[in-house]
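So that we are looking at the same thing, I have put the structure below in structure tokens.
Naming: A, B, ... by sequence-line order, numbering from 1 per chain.
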Amino acid sequence: MQKVILFEPAKCTGCRRCALACSLAKEGVFNPEKARIGVISISEVGMHVPMFCQQCTKPLCADVCPVGAISRSEETGAMVLDPDLCIGCKMCVTVCPLSGCVISPDAGTVMKCDLCGGDPQCVKYCTFGALEFVDADEVAYVKRKAGVEKLAEALKRIG
Amino acid sequence: MGYAGKILVIDLSNREVSKEELSAQDCFEFIGGLGINTKILLDKMDPTIDPLTERNILCFGPGALVGTLAPAASRTSISAKSPLTGLLGSTSSGHFWGAKLKSCGYDHLALKGKSPDPVYIFIDNGKVNILDAKHLWGKDSWDTIVAIKNELRNEEVEIACIGVGGEKLVRFAAVENGFGSGWARTGPGAVMGSKNLKAIALRGHKDITVFDPKGFLDAVNEATERVVTHPAYKPWREFGSMLAVDIYYDLGVVTGHNQTEEVKEDFIQTMGRENLLKYKKRSIACSGCPLACGPWVEIDEGPYKGLKLKGIEITPTMEFGARCGIRNLAAIAKATELFHRYGIDGTSAAVSIAFATELFQKGIISKADTDGLELKWGDEPLIFELMRKIAYREGFGDLLADGAVEMARRIGRGSEQYLTTTRGLETNSRDPRSRWDVWSFGYLVNARGGDHMGVQSPAENLRKSAPEGEYSYEFSPPEKAVAKVDILDDWKEKIFDFKNGTVSIPYMAAWSQDLVNIVNSAGTCIRPPILWSLGPTIYARLLTTLTGIKFSPEDVRKAGERISNIQRIFDFKAGEKREDIKFAPKFYNTPIKGRQLDKDKVNEVLNEYYEVRNWDPRTALPREEKLKELNLDRFAWSKLSEL
């Protein structure tokens, strides 16, 4: 079963270790602007949301790429962008609703998450469990269980 | 590598921008952050000048590891001559501003001169823009941040700014760091305000390069593992700094009402750590931090209903709670919002208010002096109104805004004996009379004055106190715990006497002071799960693998010591003599629980500390031999001939 990165915004502390781990793994430097994952902070409510490519089943980025630079990895199921083929037309950036495709600040070409070939570094460096790498068919169980725990807390107060 | 190798210097008088080289030699000797800041000040300014004139230099320095995956590597120091103490002022803040300065391609930012009109600086990927800030002048700090983000049309810019406090030159004004964090102690906001500088906004996408990525990541993983497996980690994650309120209360070291009496059970019931859980919704972290000690709180009842922000922390709880008498933890959230928005240091404001209240209660000042206000303990609306008057220097607030020492000088009438300031800086409500240990001694020798943030022991025994009247040692934590702490062997031998289970206060204070300097120069954090688990050995690996500059553990330790030495040299040149190094009068002349400090014994242990440092006890200055050992004798500022 394909594995996905499950993200839990309620657990995100905004530390950006995910972005630092990503840019180091992919570019050999620390530079959040070169990470394939970005954290959006909503300061009025103290919440943070990590945003990254969701490896769509029907990827708009691959459909729209004029040079076929984006293709599915057999091994991980991730949509992988080949930087040597990329011409920087940024059509994929335009069509992706989640900003999974990001313009690289120096190169001008596009970068996107490829699940690090099956060992995503962002997940490894998240200390708070906001990112977890799980089988797609486990996601429902993980989220339901978390929901049940919250429900149990509420039931305790009325029951 | 690792470092950008550049110091950005901006002269606000003529808008001259220059980029100076940060040499590998300086990085090796002073590491970064606080260490390099201090060196810049000692090289470039005259320590005798008036801190609120254009000749003061305001220096921002993220630590060497900031912006990397090194655990908790977010801390950035601001250094300048302090308008509050007249000594070397320094303060540290985390979050993301410092990391963003590195993304702009600079290790340090030094601000000189004074702009003729209010301006703000916008550094855009390294390019410096100096923009008009007349429309921002008068805004509180959070409104300023929103306004700048709107006009730059970018929500991700990191912004350091002053509130009205800095504009009005409140001597303990803060520089705010985004929403809910700030550089406050010693008044850097007033220095910034005196330069007519409202804010510094940053945006950048430059790389922090890594010399040995695999080696660095190995060191990072080991350091992080130590932090997250430390016994202090889980409790700190849950309660943040509020964890320690109960610890100090149980130890019997919390005094209240401007340190005139012990606090009682009502304090711990209303202000203890469990009350935080009523309001804490989630945890907030700084750049790269695996601890996330910051509580996001939401007040959903009472007079402050609807308030949402990061922070209910120990120091405001101790100072507004114990010291000023507040018995409602939600009010600490309100005080926090106010001191951030106004841009003033919470501790100093609380002390000015509490000092005035004590004098009022004793009849030394009256309603005639206080704009007709009746000063009572724990009066929340009054305390918040006084904070506003301080920020705006309005009426009685104008006096409070100059700090307790100046208040005593202007009021006279014997008020000076009630001060709780040590060397010009307000000492914490963890009272040095209640328990004598490395922490209490540390107030006396901290470079920026008498608070607790410069000398923090990585091995505290928080259960047993040393015998009454014992000033040279405290009891050691168990040998097993000590074995895990990274203290170099030759120092461990001198610090710990395992046969008697004791810790030498002079040796541990020197070690701790050097360690905190290392932490503030590497840019990691002094929260116990980090301070107690990382030492020179792991810092040497992190720095070497990141930068390619070869640091041994002894090199790192020595850098910390070197920084302690130049801090003292600056303070001396600013005018602080050996006889000025003493506690606040109250601690010597007024007992608590029958205990007060013994002047002679304090001097004795202070002299022992000077011998540990190889400083002359008559002058508290490094001897020639020590300067040579630290390679400090080559600098003109080490010629200490004014004796």
Side-chain angles (χ1 to χ4, degrees), chain A residues 8-51 99 102-108 111 116 119 121-131 146 150 153 157, chain B residues 1-2 65-74 95-96 99-100 102-103 125 142 145-146 149 155-156 178-180 203-210 213 216-217 220-221 224 227-228 233 237 280-298 308-311 546:
Chain A
E8 197 69 66
K11 291 186 180 168
C12 180
T13 63
C15 73
R16 275 117 178 136
R17 285 164 61 81
C18 50
L20 294 174
C22 179
S23 75
L24 186 70
K26 297 315 241 180
E27 307 280 342
V29 297
F30 288 112
N31 186 344
E33 303 300 313
K34 290 186 177 173
R36 281 73 165 136
I37 184 169
V39 177
I40 295 293
S41 295
I42 308 164
S43 42
E44 297 88 339
V45 290
M47 285 202 78
H48 312 275
V49 186
M51 293 291 290
S99 195
V102 177
I103 303 169
S104 171
D106 291 339
M111 29 181 222
C116 292
D119 182 21
Q121 296 300 291
C122 54
V123 173
K124 198 161 156 190
Y125 282 89
C126 180
T127 334
F128 306 101
L131 298 171
K150 282 207 163 70
E153 256 179 64
R157 274 182 255 145
Chain B
M1 301 191 90
L65 299 173
V66 169
T68 73
L69 265 176
S74 68
H95 286 269
F96 298 88
K100 201 60 107 171
K102 293 237 181 135
S103 296
N125 202 35
W142 290 0
I145 291 167
V146 171
K149 287 185 177 188
E155 278 189 44
E156 292 193 307
F179 301 110
R203 182 175 107 177
H205 59 253
K206 293 192 191 284
D207 298 332
I208 294 176
T209 52
V210 186
F216 185 67
L217 219 47
V220 161
N221 292 339
T224 309
V227 171
V228 304
Y233 176 80
R237 214 150 115 183
K280 178 180 172 180
K281 295 292 178 258
R282 51 192 153 271
S283 298
I284 307 283
C286 297
S287 178
C289 185
L291 177 60
C293 71
W296 177 264
V297 301
E298 296 182 1
K308 296 179 189 189
L309 79 168
K310 177 188 90 68
L546 176 66

Exercise for review: First locate atom CD of A/Q121, then atom CD1 of A/I37, and finally report the distance between them rounded to the nearest 0.5 Å.
Suggested key: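 Going from the CD atom of A/Q121 to the CD1 atom of A/I37 covers 12.0 Å.
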
Honestly, the part of B/E155 sitting under 4.5 Å from a heavy atom of chain A is neither

Under 4.5 Å to a heavy atom of chain A? For B/L309 that would be neither

- Cationic N near anionic O, under 4.0 Å, A/E33 to B/K100: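 Salt bridge flag = yes for B/K100 with A/E33.
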
Considering only heavy atoms, which portion of B/S74 lies under 4.5 Å from any heavy atom of chain A: side chain, backbone, both, or neither?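 Neither part.
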
Looking at B/S287 and B/H95, would you say the former's side chain and the latter's main chain have a donor-acceptor pair under 3.5 Å? no

Counting heavy-atom pairs under 4.5 angstrom with chain A, the leader among B/V228, B/T209, B/T68 is B/T68

Okay, A/E27 and chain B: the region with an atom under 4.5 Å from a heavy atom over there is neither

Turns out that what part of B/K281 lies under 4.5 Å from chain A's heavy atoms comes down to neither

With chain B, the option among A/A19, A/C15, A/A10 that has the most non-hydrogen atom pairs under 4.5 Å is A/C15

Next on the checklist: I'd like to know if the side chain of B/N125 reaches the main chain of B/H205, judged simply by a donor and an acceptor atom lying under 3.5 Å from each other, with no hydrogens or angles considered.
Outcome noted: yes

Check whether B/K310 gets within reach of chain A through its side chain, its backbone, both or neither, counting any heavy atom under 4.5 Å.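 Contact with chain A is absent: no heavy atom of B/K310 under 4.5 Å.
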
Q) With a 4.5 angstrom heavy-atom cut-off, which part of A/K11 approaches chain B: side chain, backbone, both or neither? A)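 Contact with chain B is absent: no heavy atom of A/K11 under 4.5 Å.
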
To the nearest 0.5 Å, what is the distance between OG on A/S23 and CE on A/M111?
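It comes to 9.0 Å.
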
- Check each atom of B/N221 against the heavy atoms of chain A and say whether the ones under 4.5 Å are side chain, backbone, both or neither.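 For B/N221, the contact with chain A is made by the side chain alone.
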
message: With a 3.5 Å distance limit and no angle check, can you tell me whether A/R36 reaches the backbone of A/C22 through a side-chain donor-acceptor pair?
response: no

Rounded to the nearest 0.5 angstrom, the CG-CG distance for A/L24 and B/D207 is 11.0 Å

Item to complete: Could you tell me whether the side chain of B/K102 and the main chain of B/V66 form a donor-acceptor pair under 3.5 Å?
Response: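 Judged by distance alone, yes, a pair lies under 3.5 Å.
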
TODO: Look only at the side chain of B/W296 and the backbone of A/V45, and say whether a donor-acceptor pair between them is shorter than 3.5 Å.
DONE: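 At least one qualifying donor-acceptor pair exists.
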
ask   = Heavy-atom distance under 4.5 Å to chain B: side chain of A/F128, backbone, both or neither?
value =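 A/F128 touches chain B through backbone and side-chain heavy atoms alike.
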
Looking only at B/M1, B/R282, B/E298, most heavy-atom pairs under 4.5 Å shared with chain A are made by B/R282

Best-contacting candidate, A/C18, A/G14, A/P32, A/S41, against chain B by heavy atom pairs under 4.5 angstrom: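 Going by pairs under 4.5 Å, I would pick A/G14.
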
